[in-house]
Amino acid sequence: MADGAADLIFGADIPFARLCGVEALRFEEGRTHLRLALGPAHANNLGIAHGGVLCTLLDIAMGTAARLNAGRPVVTLDMQTRFLSPGRGVLLAEGRVVRAGQSILFCDAEVRTEGGALVATASGVFKPTGLAEPTSRPAGAASP
């Protein structure tokens with residue numbers, strides 16, 4: 001379980017996000033905003049962000065947007081990723097729901113450097129599962 005509210009990602013305890021150092025910044029206008037300060041453990045053999053950490057950041061950005069839209073936990077069914085430039089320093093991610101149906105949600109996300117350079121993009125399909133979450137929803141996270 002999370003040590004405190006600062007460890008939660010928009011109300012959810014995601015241990016892998018905590019392990020990677022992903023931070024929730026804000027949820028506004030249907031979009032989730034995340035931050036990841038890269039360290040040596042996030043690098044590949046070239047010294048830039050490993051593709052796995054970029055995929056993780058994109059997946060969490062889309063998944064949290066989908067979860068907040070659906071009002072319950074979601075699972076990733078499919079994800080397509082495009083790596084566009086090297087990731088260095090602090091990375092910022094944004095995720096959003098493109099279309100929400102009864103049984104699946106279509107999402108997209110992007111990762112940029114603090115300077116605004118586009119590092120990676122993704123699209124994904126998510127499926128709501130289980131019951132409504134017991135945690136409180138953040139401000140601006142109205143039900144659909």
Side-chain angles (χ1 to χ4, degrees), residues 1-39 41-44 48-144:
M1 206 50 153
D3 293 356
D7 290 334
L8 300 179
I9 304 290
F10 305 112
D13 181 26
I14 307 171
F16 191 65
R18 190 170 52 255
L19 177 69
C20 292
V22 176
E23 302 170 57
L25 295 179
R26 65 189 178 284
F27 175 82
E28 61 186 14
E29 299 175 14
R31 297 171 187 261
T32 57
H33 298 268
L34 306 170
R35 177 182 185 274
L36 176 61
L38 294 173
H42 298 114
N44 63 16
I48 59 176
H50 189 282
V53 79
L54 293 173
C55 285
T56 294
L57 191 55
L58 290 160
D59 185 48
I60 293 171
M62 291 186 292
T64 55
R67 179 176 56 80
L68 291 170
N69 184 286
R72 57 190 173 157
V74 298
V75 295
T76 308
L77 297 179
D78 183 59
M79 183 173 155
Q80 300 293 314
T81 306
R82 290 151 301 280
F83 302 106
L84 304 168
S85 65
R88 294 183 175 97
V90 175
L91 301 179
L92 303 171
E94 179 181 297
R96 71 182 182 102
V97 174
V98 175
R99 181 169 171 82
Q102 290 288 339
S103 61
I104 59 173
L105 296 98
F106 297 89
C107 300
D108 65 17
E110 63 180 37
V111 172
R112 293 182 179 270
T113 64
E114 277 189 311
L118 188 59
V119 173
T121 64
S123 57
V125 180
F126 295 79
K127 180 173 183 56
T129 185
L131 303 173
E133 290 185 298
T135 57
S136 60
R137 295 165 64 88
S143 297

Point to revise | Reported CZ-to-SG distance for the pair Arg67 and Cys107, which is rounded to 0.5 angstrom | key: 12.0 Å
**Study point:** Closest heavy-atom pair and its distance - Val53, Ala49
**Key:** CG1-CB, 4.2 Å
Exercise for review: Provide the closest heavy-atom pair for Ser85 versus Leu118 in the form atom of the first, atom of the second, distance.
Suggested key: OG-O, 2.6 Å
Exercise for review: Would you indicate whether the side-chain heavy atoms of Leu57 and Leu91 approach each other to under 4.5 Å?
Suggested key: yes
**Study point:** Distance (rounded to the nearest 0.5 Å) between Leu92 CG and Leu34 CG
**Key:** 9.0 Å
Practice item. Provide the closest heavy-atom pair for Thr81 versus Ala122 in the form atom of the first, atom of the second, distance. Key: OG1-CB, 4.1 Å
Review point. Is Val125 close to Lys127 at the side-chain level, that is, under 4.5 Å between some pair of heavy atoms?
Key: no
**Study point:** Ile104 side, atom CD1; Phe126 side, atom CZ - distance, nearest 0.5 Å
**Key:** 11.5 Å
Exercise for review: Evaluate the criterion salt bridge (charged side-chain N to carboxylate O under 4.0 Å, His left out) for residue pair Arg96 and Glu94; output intermediate values, then yes/no.
Suggested key: CA-CA 7 Å; Arg96 71 182 182 102; Glu94 179 181 297; 5.8 Å; no
Check your understanding: Would you call Phe10 and Ile60 a side-chain contact if the rule is heavy atoms closer than 4.5 Å?
Key -> no
Exercise for review: May I ask you to decide if Pro73's main-chain N or O and Thr129's side chain share a donor-acceptor pair within less than 3.5 Å?
Suggested key: no
Check your understanding: Do other residues, nucleotides or ligands put more than 12 heavy atoms under 6.0 Å from the NE2 atom of His33?
Key -> yes
Check your understanding: Can you tell which of Asp108, Leu68, Asn69, Thr32 makes a side-chain contact (heavy atoms from CB on, under 4.5 Å) with Val97?
Key -> Asn69
Check your understanding: What's the spacing between Ile9 CD1 and Thr64 OG1 if we round to 0.5 Å?
Key -> 7.5 Å
Exercise for review: Please round to the nearest 0.5 Å and tell me the distance separating atom CD1 of Ile48 and atom NE2 of His50.
Suggested key: 10.0 Å
Exercise for review: Go through the steps to decide whether Val111 and Phe83 satisfy the test side chain to side chain contact (heavy atoms under 4.5 Å, CB included), and finish with yes or no.
Suggested key: CA-CA 10 Å; Val111 172; Phe83 302 106; over 6 Å; no
Review point. With sequence neighbours left out, which residue pairs that include part of residues 76-90 fulfil the salt bridge (Lys or Arg N to Asp or Glu O under 4.0 Å) condition?
Key: none
Practice item. Check for a donor-acceptor pair, side chain of His42 on one end and backbone N or O of Cys20 on the other, with a separation under 3.5 Å. Key: yes
Practice item. With rounding to the nearest 0.5 Å, note down the distance linking OG1 in Thr56 to CD1 in Ile14. Key: 11.0 Å
Exercise for review: Provide the closest heavy-atom pair for Ala37 versus Arg35 in the form atom of the first, atom of the second, distance.
Suggested key: CB-NH1, 3.9 Å
Exercise for review: Check the pair Leu105, Met62 against side chain to side chain contact (heavy atoms under 4.5 Å, CB included), reporting the backbone distance first and the verdict last.
Suggested key: CA-CA 10 Å; Leu105 296 98; Met62 291 186 292; over 6 Å; no
**Study point:** Nearest atoms (heavy-atom pairs only) where Ala65 meets Gly30
**Key:** CB-O, 4.4 Å
Exercise for review: Looking only at non-hydrogen atoms, find the nearest pair between Ala109 and Ala61 and report the distance.
Suggested key: CB-CB, 4.1 Å
